[in-house]
Amino acid sequence: MITLGIESSCDETSVAVLSGRQKLLSNVISSSIKMHQPFGGVVPEIASRHCLEAIQPVYKQALETAGITESQIDLIAVTHAPGLIGSLLVGLSFAKALSYALAKPLVGVHHLEAHLEANFIENRRPRQPFIGLIISGGHTTLLHHDEAGYHLMGETVDDAIGEAYDKSANLLGLGYPGGPMIDRLAQQGKPGLIRFTRPKIKGTFDFSFSGIKTAVRYYLRDHGPLNDSDLKDFCASFQGAVVDWVVRKAYDACDAKQCKYLVTGGGVMANSLMRQSLERESKKRGVRAFIPPMKFTTDNAAMIARRGLEVFLNRGPDDLSLRAQPSLAVAIA
Ligand code: KG4
Ligand code: ZN
């Protein structure tokens, strides 16, 4: 079974070819991130225009790299939610046209579910229930997955963790996207320069990241501008705090549901300390942590193909009335 995956929910346009569940034949990604940098964040109009220009050449290259022809495609999987509406519509319209022209089934994929599924390209999917942790520029979400599907356990009540990184990096004058910059500086600094207060939130498994951004602002007002050495130590303190909040909560969720598996995904899973801390805590708590390979942390179509196959095998195809939805909860079934 050959699955074509198509992803265009934000600033990346990607097409992948997956054979069976685990043999990835190609995964071509074109990013417009450089075009957004002067604006300090993703500009939806620029993102969708780039998707429109990129989709056809990226598709051609994905088939070429995989060494297949269009007629060998058995299933077309496409991100239909959540994301920027203009970007989503490009991939979805392309997928529908292809499905109609080739007379091949179409399946809509939820982008966040796909971030978790990225782990099951190189690893077998656990049969037992698991906890899903999604940390990205738009989401900070804890899910419980059982036989019935995904159930929401907690999410951010304000900013996403990646947003906290990006906004704080902006205040520090580090440019966009800020996550990788803070991560790099943090690795050269010593934590402990500043102790950030853990947010107090009502829901046990909810998160909050807007407070730390305000704390960064006040620290800079009172102590800025920082010299190189203090900047590195500051980044190390910031990173130490947010990683600790997320890691604890993720494993507490595993304890609460008595799950032996933690499946993680999203752009912030590229963070060095997050990866190390999740790994270390995994051994302590006796939970197996699935940490996606670096190449699957950012948006890619390989994860869409993998998730699409799973959804198709479970509930069959979608029809051409499938809609693009900027916000949509994860599927319960
Ligand atoms: O999943 P993603 O590619 O896009 C969204 O769906 O949001 O995530 C992008 C986010 C950005 O906020 C970026 O700053 C963050 O992931 N990020 C990182 C790192 N690499 C990317 N955050 C912390 N440390 C990193 N190494
Ligand atoms: Zn994403």
Side-chain angles (χ1 to χ4, degrees), residues 5-14 16 27 29-34 36-37 40-44 47 51 79-84 87-88 91 109-119 132-141 155-156 159-172 174-189 207 209 212-213 235-236 238-247 264-278 291-304 306-307 326-328 330:
I6 301 176
E7 154 67 28
S8 73
S9 63
C10 189
D11 56 333
E12 266 98 24
T13 308
S14 177
N27 183 32
I29 306 170
S30 169
S31 173
S32 60
I33 192 100
K34 286 212 161 69
H36 305 286
Q37 272 162 354
V42 172
V43 182
C51 291
T79 308
H80 77 110
L84 300 173
S87 298
L88 283 171
V109 171
H110 191 287
H111 183 86
L112 298 185
E113 295 171 12
H115 265 303
L116 297 182
E117 206 78 32
N119 290 281
L133 169 72
I134 300 157
I135 45 175
S136 73
H139 295 87
T140 313
T141 306
E155 61 189 337
T156 184
D159 290 350
I161 180 172
E163 220 175 331
Y165 264 99
D166 294 338
K167 288 178 177 170
S168 300
N170 190 24
L171 293 170
L172 292 163
L174 297 176
Y176 176 84
M181 317 260 192
I182 292 186
D183 190 10
R184 201 170 333 112
L185 291 167
Q187 289 176 56
Q188 301 163 41
F207 299 90
F209 291 102
I212 196 163
K213 171 195 66 192
C235 289
F238 175 92
Q239 179 139 300
V242 294
V243 167
D244 178 57
W245 299 342
V246 170
V247 171
T264 66
V268 182
M269 276 309 300
N271 187 268
S272 58
L273 187 67
M274 187 68 80
R275 298 173 77 86
Q276 289 160 19
S277 304
L278 283 167
I291 295 175
M294 283 297 274
K295 62 181 179 220
F296 296 144
T297 55
T298 45
D299 290 348
N300 65 85
M303 67 184 194
I304 305 301
R306 181 66 188 85
R307 180 66 191 157
S327 60
L328 179 70
V330 289

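The chain is numbered in sequence order, starting from 1. In listed order, ligands and their atoms are each counted from 1.
At a heavy-atom distance under 4.0 Å, no atom of H139 approaches ligand 1. Only side-chain heavy atoms of D183 come within less than 4.0 Å of ligand 1; its backbone N, CA, C and O stay farther off.
Between A81 and L88, the shortest heavy-atom contact is N-CD2, 4.0 Å. A pairwise comparison of heavy atoms in K295 and N300 identifies O-ND2, 4.3 Å as the closest pair.
Considering only non-hydrogen protein atoms, atom 17 (N) of ligand 1 sits nearest to G267 O, 3.7 Å. If you check which protein heavy atom lies closest to atom 24 (N) of ligand 1, you get N271 ND2, 2.9 Å. Protein heavy atom in closest approach to atom 18 (C) of ligand 1: G179 CA, 3.6 Å. Looking at atom 12 (O) of ligand 1, its nearest protein heavy atom turns out to be D166 OD2, 2.7 Å. Closest to atom 10 (C) of ligand 1, if we only count protein heavy atoms, is G137 N, 3.5 Å.
The ligand atoms of ligand 1 that sit less than 4.0 angstrom from a heavy atom of A270 are 20 (N), 26 (N). Contact atoms of ligand 1 toward G162: 12 (O) (distance under 4.0 Å to a heavy atom of the residue). Residue H115 has at least one heavy-atom neighbour below 4.0 Å for each of these atoms of ligand 1: 1 (O). Near G138, the atoms of ligand 1 lying under 4.0 angstrom from a non-hydrogen atom of the residue are 7 (O).
The heavy atom nearest to atom 15 (C) of ligand 1, considering only T297, V268, D299, is found in V268.
The Zn ion (ligand 2) lies under 2.8 Å from an N, O or S atom belonging to H111. Taking backbone and side-chain atoms together, H139 has no N/O/S atom less than 2.8 Å away from the Zn ion (ligand 2).
Proximity of S32 to H36: side-chain heavy atoms (C-beta onward) are separated by under 4.5 Å at one or more points. Y176 is not listed as a side-chain neighbour of N170, based on a closest heavy-atom distance of 4.5 Å or more. The side-chain heavy atoms of H139 and E155, taken from C-beta on, include no pair separated by under 4.5 Å. With a 4.5 Å cut-off on side-chain heavy atoms, H111 and R307 do not count as touching.
Residues Y165 and F238 bring their aromatic ring centres within 6.0 Å.
Interatomic distance, T298 OG1 to I33 CD1, rounded to the nearest 0.5 Å: 9.5 Å. From K34, atom NZ reaches atom CG of D11 across 12.0 Å, with rounding to the nearest 0.5 Å. If you take OG on S136 and CG on D299, they are separated by 8.0 Å, rounding to the nearest 0.5 Å.
A side chain to side chain contact (heavy atoms under 4.5 Å, CB included) with L133 is found for one member of V246, V247, T141 and no other, namely V246.
R184 does not count as a contact of ligand 1, since none of its heavy atoms falls under 4.0 Å from the ligand. The closest approach between a heavy atom of P180 and any atom of ligand 1 is below 4.0 Å.
Between P177 and ligand 1, a contact under 3.5 Å exists for no N or O pair.
For D299, the N, O or S atom with the smallest separation from the Zn ion (ligand 2) is OD1.
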